[in-house]
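Predicted, not measured: the structure shown is a model, and the values here were computed from it. Atoms within each ligand, like the ligands themselves, are counted from 1 in listed order.
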Amino acid sequence: MSKPTVVVTRQLPPAALNPILERCDARYWDSEEPIERGTLLEWVQGADGLYCLLTDTVDDELLNAAGPGLRVVATMSVGYDHVDVAALRKRGIILGNTPGVLTETTAELAVALLLATARRLPEGTHAVESGTWPIWRPMWMTGRDIHGSTVGIVGLGRIGAAFARMLGGFGCRILYTGPNEKPEAAQAVNATFAPMDALLQESDFVAVHCPLNEQTRALFSTEAFGKMKATAVLINTSRGGVVDQDALYQALVQGEIAAAGLDVTDPEPLPADHPLVSLENCVILPHIGSATVATRTKMAVMTTENLLAGVEGRPLPNQVD
Ligand code: DGY
């Protein structure tokens, strides 16, 4: 029996790659850099499965190029805003992603970013490195306490809930918002539902954990920043598109909010000369929420399992509904 044909768009760790090479005819982009679009459009022709990353746009153009044989798209990410889900559904193509395995790791990074932003850690290390560390002063490099603060979580999904649980140790009051109340998840982490406006008005820290979609695109706008406390800190580890970055820049410069910590931006990479990069009260990380060896390996392997299940006609371990 002939092997299924699959396209793999990036270099993978052996644990994820080897099963694909054994069981499929693989068109493998063996590089740390993204596959060029033109090459991808050629390679998908006649493929049964596609292993992609969040840097690959999966849209009508690509699916048309693939043709009717494509059965499964497996993305090595939990987020799938780079995939046109309706276009897949129209063609009966299934989509697999990687929820669960990155939850704790990403929540840890969100806590780290919250601490780094609130306590001004990058500014502190910069002062040491640049020789501008002055003699001890009462109010130098003073930041904000996490303990006793109100933290507003936008999106109490897996990662938002893990983040809330981790903050339990700081004795924070936790609010959450989202399209639906989630009484069970909320009770488990001692969180209270609040409408978006109330959450913005009451929170000392606002943490974004919702997916990017048409409802959440540019959710953090001039209007939203106007509702936040002047002392508030925004933390975003979901997708850059949830925040209107021009509005964020203005809010930070004009003191409408105190600081922001971003692990995600739009675009990525964010150019080093972007106005947000110049701000001391904006801490920017290069989308490393899930970046531990163990978690990235699990994500890569889970994506392989989704891909192989799809091309071999078995249910996917993690299928997007
Ligand atoms: C995801 O999986 O969607 C993250 O953004 C990368 O880990």
Worksheet item: Between Thr142 (side chain) and Met139 (backbone), is there a donor-acceptor pair under 3.5 Å?
Response: yes

Worksheet item: Just by distance, do the side chain of Thr75 and the backbone of Asn97 share a donor-acceptor pair under 3.5 Å?
Response: no

Item to complete: Name the closest protein heavy atom to atom 7 (O) of ligand 1, giving the residue it belongs to and the distance to 0.1 Å.
Response: Ser290 OG, 2.5 Å

Worksheet item: Does atom CG of Asn190 have more than 12 heavy-atom neighbours, drawn from other residues, nucleotides or ligands, at distances under 6.0 Å?
Response: no

Practice prompt. Please identify which atoms of ligand 1 are closer than 4.0 Å to at least one heavy atom of Gly79.
Written response: 1 (C), 2 (O), 3 (O)

Practice prompt. Provide the number and element of each atom of ligand 1 under 4.0 Å from a heavy atom of Met299.
Written response: 2 (O), 7 (O)

Practice prompt. Taking only heavy atoms of His287 into account, list the atoms of ligand 1 that are under 4.0 Å away from them.
Written response: 4 (C), 5 (O), 6 (C)

Worksheet item: Above 12 or not: heavy atoms from other molecules or residues under 6.0 Å from CD of Glu223?
Response: no

Fill in: Closest protein heavy atom to atom 2 (O) of ligand 1, given as residue, atom name and distance to 0.1 Å
Val78 N, 2.7 Å

Discussion item. Among Arg239, Met76, His82, which one puts a heavy atom closest to atom 5 (O) of ligand 1?
Written reply: Arg239

Item to complete: Would you mind listing which atoms of ligand 1 come within a distance below 4.0 Å of any non-hydrogen atom of Leu102?
Response: 2 (O), 7 (O)

Discussion item. Looking only at side-chain N and O atoms, does Arg239 offer a donor or acceptor that is under 3.5 Å from a partner on Thr216?
Written reply: no

Worksheet item: Between the main-chain N or O of His274 and the side-chain N or O of Tyr249, is there a donor-acceptor pair closer than 3.5 Å?
Response: no

